Amino acid sequence: MSVPQKTREYRLPKVDGFHNLTLTEAPIPQLKATEVLVKVHAVSLQFRDLIVAKGQYPLGQKENPIPGSDLAGEIVAVGPEVSSWKVGDRVSANFATDHIFGDVTDEIKATGLGAPIDGVLTEYKVLPAHALVHIPEHLSYEEASTLPCAAVTAYNGLLGLNPLKGGDVVLVQGTGGVSIFGLQLAVASGATVIATSSSDRKLEIAKKLGAAHTINYKTTPDWDQEVLKITNGRGVDYILEVGGPGTLMKSVNAIRYGGTISLIGFVAGQADVNALPVMVLSKSVILRGILIGSRSQFEDMNRLISAVKLRPVVDKVFSFEDTRKAYEYQESQQHVGKVVIKVSKD
C-alpha cells in the first residue's frame, strides 16, 4: 500500500471540557530515521483523558493537544534505520514513549502521550521505534488498545517493585480499567482478590472474573473493617489505590503490616489525611506512587497475558466519529473495564 500523506485527528483547542474535541485534517510528518508510522486501529480512554480535556491534568499538558495515550495499530512505514520492526507488525506504544526501563525521570515524564506531547486520537501516528511493543497474538486491536495505561499500571503496582506471590491477598477499588486489570492479573498470578464497588451489578462481573470476595462500599461504608473481617484481622498484602485522599485512610487501615499500597489515582476526591504519616509509619506500610510503567514492564506483562490467554474487559466500542459520545460514556462511570474507540474501519 502507498504511504498516506494526511490524517484525521482530534484536538482540544480549548480545555474546559470534552465538548471542545475537534476533528481536523493534518499532514503526516515525514519519518525520521528511527521512527515508524502506525495506522491506528483502536484507542482506549481513561480518567486522565477527561481531566486533560478540562485542563486539570496535574502533570502538565501542551496547548491544543491531540488527546489519548493508548493505541493499538499496524505499522505501515518504517524509517531507514529501523531494523527491529517491519510493515504489518501489530503494535502498541508505551504510555511515556521514552520510558524504556527503570525509574521515571523528568525527561521521561515529558514524553507522556496525550498531555505533554500529542497523543493517539488520530488515524495515523508517527512514533519512535523504541516505544513500541508487540501486542499479544490472541487479542483484537480493540482489546490490545486497553493495555498501555490501565494494564501496565496494574502490573507495575502488583508485580513491579515487590512482586506478589501466589496466595497473597489483593484489594482492588472499583471496576474501572486499572482495577479490573489488577483483578485479572492478580488471579492469573495465584492471588486472592477482594473487589469493592458501589454497584452490585458490577460486583457480579468482578466475581465472574475471579474475585473471591466483593464489598459494596455504599451499603458497607466501613469497607476497611469488612476487609479485616475477611482476612481474620490480618489485612491484605496489596491495594491498588485509585481513590486517592478520599479512600487512602481506609486503605491504610485495611493493609497488613508491611503491606504495599500502590497510589494510582484520585477519583474519590479530597479528604482529611493529616493522620496518614503516623498510620503509615505505625504499620510499616509501603506507599508507592505509580506513574504507569516502562516498556520492559509492558513486554513482561504481555508475556503473562499471552501465557494465560487473558482477555481485557471491553465494555463498549464507539466509532471514531463518535469520540465525544465515548468521552460521555467514560465520564458517566457506567462502564466495567474499558471504553474503546475504533479508529480504523478496516
Side-chain angles (χ1 to χ4, degrees), residues 9-12 15 18 20-21 29 32 34-36 38 40 42-73 91-122 124-133 135 144-157 160 176-178 181 240 242 244 262-267 288-299 301-302 323 327 330 338-341 343:
E9 61 190 23
Y10 279 96
R11 287 196 177 267
L12 285 164
V15 284
F18 57 76
N20 293 303
L21 283 164
K32 296 177 182 176
T34 57
E35 291 179 332
V36 303
V38 174
V40 181
V43 170
S44 71
L45 296 180
Q46 28 266 319
F47 178 73
R48 174 183 183 258
D49 296 315
L50 298 176
I51 58 175
V52 166
K54 296 175 183 177
Q56 297 172 356
Y57 186 52
L59 302 185
Q61 60 191 77
K62 72 187 291 282
E63 293 288 323
N64 194 27
I66 300 173
S69 58
D70 292 22
L71 68 77
V91 297
S92 189
N94 202 53
F95 176 90
T97 57
D98 286 355
H99 193 184
I100 311 305
F101 61 88
D103 295 325
V104 176
T105 64
D106 283 340
E107 292 77 16
I108 285 170
K109 199 162 63 173
T111 66
L113 290 162
I117 67 173
D118 281 333
V120 299
L121 265 172
T122 178
Y124 292 91
K125 180 66 181 176
V126 174
L127 290 160
H130 63 248
L132 302 181
V133 300
I135 58 180
S145 74
T146 67
L147 301 178
C149 182
V152 175
T153 296
Y155 183 89
N156 191 3
V178 173
F181 272 119
L240 294 182
V242 300
S262 292
L263 187 56
I264 292 162
F266 39 86
V267 299
R288 177 179 177 236
I290 302 289
L291 270 177
I292 323 298
S294 66
R295 191 197 75 192
S296 64
Q297 287 178 316
F298 200 162
E299 292 166 337
M301 179 194 72
N302 280 350
T323 290
Y327 270 72
Q330 177 78 23
K338 297 294 290 180
V339 178
V340 172
I341 297 166
V343 178

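Remember, it's a predicted structure, so these values are computed and weren't measured experimentally.
Remark: the backbone N or O of Leu12 is not paired with any side-chain donor or acceptor of Asn20 at under 3.5 angstrom. The backbone N or O of Val52 lies less than 3.5 Å from a partner atom in the side chain of Gln61, making a donor-acceptor pair.
Proximity of Leu291 to Leu59: side-chain heavy atoms (C-beta onward) are separated by under 4.5 Å at one or more points. You'll find the side chain of Thr34 stays beyond 4.5 Å of the side chain of His130, heavy atoms only. The shortest side-chain heavy-atom distance between Ile341 and Leu45 falls under the 4.5 Å cut-off. Taking the side chain as every heavy atom from C-beta outward, Ile135 and Val91 never approach each other to under 4.5 Å.
Scanning for ring pair (Phe, Tyr, Trp, His ring centres under 6.0 Å) contacts around Tyr327 gives Phe18, with sequence neighbours left out. Take Ser296 and apply the side chain to side chain donor-acceptor pair (under 3.5 Å) test, not counting sequence neighbours, and it matches Ser294. Residues passing the side chain to side chain contact (heavy atoms under 4.5 Å, CB included) test with Pro116 are Arg48, sequence neighbours excluded.
Considering Asp70, Leu127, Leu71 as possible partners of Leu113, the one that fulfils the side-chain contact (heavy atoms from CB on, under 4.5 Å) test is Leu127.
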Table please: side-chain donor-acceptor pairs of residues 144-154 below 3.5 Å, with sequence neighbours left out.
| from | atom 1 | to | atom 2 | distance (Å) |
| --- | --- | --- | --- | --- |
| Ser145 | OG | Glu142 | O | 2.8 |
| Thr146 | OG1 | Glu143 | O | 2.6 |
| Thr153 | OG1 | Cys149 | O | 2.6 |

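Residue pairs meeting the salt bridge (Lys or Arg N to Asp or Glu O under 4.0 Å) criterion with at least one partner in residues 54-65, sequence neighbours excluded, are Lys54-Glu331, Lys62-Asp118. The salt bridge (Lys or Arg N to Asp or Glu O under 4.0 Å) analysis of residues 94-110, with sequence neighbours excluded, yields no pairs.
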Residues Phe266, Phe47; criterion side chain to side chain contact (heavy atoms under 4.5 Å, CB included); working and verdict: CA-CA 10 Å; Phe266 39 86; Phe47 178 73; 3.9 Å; yes
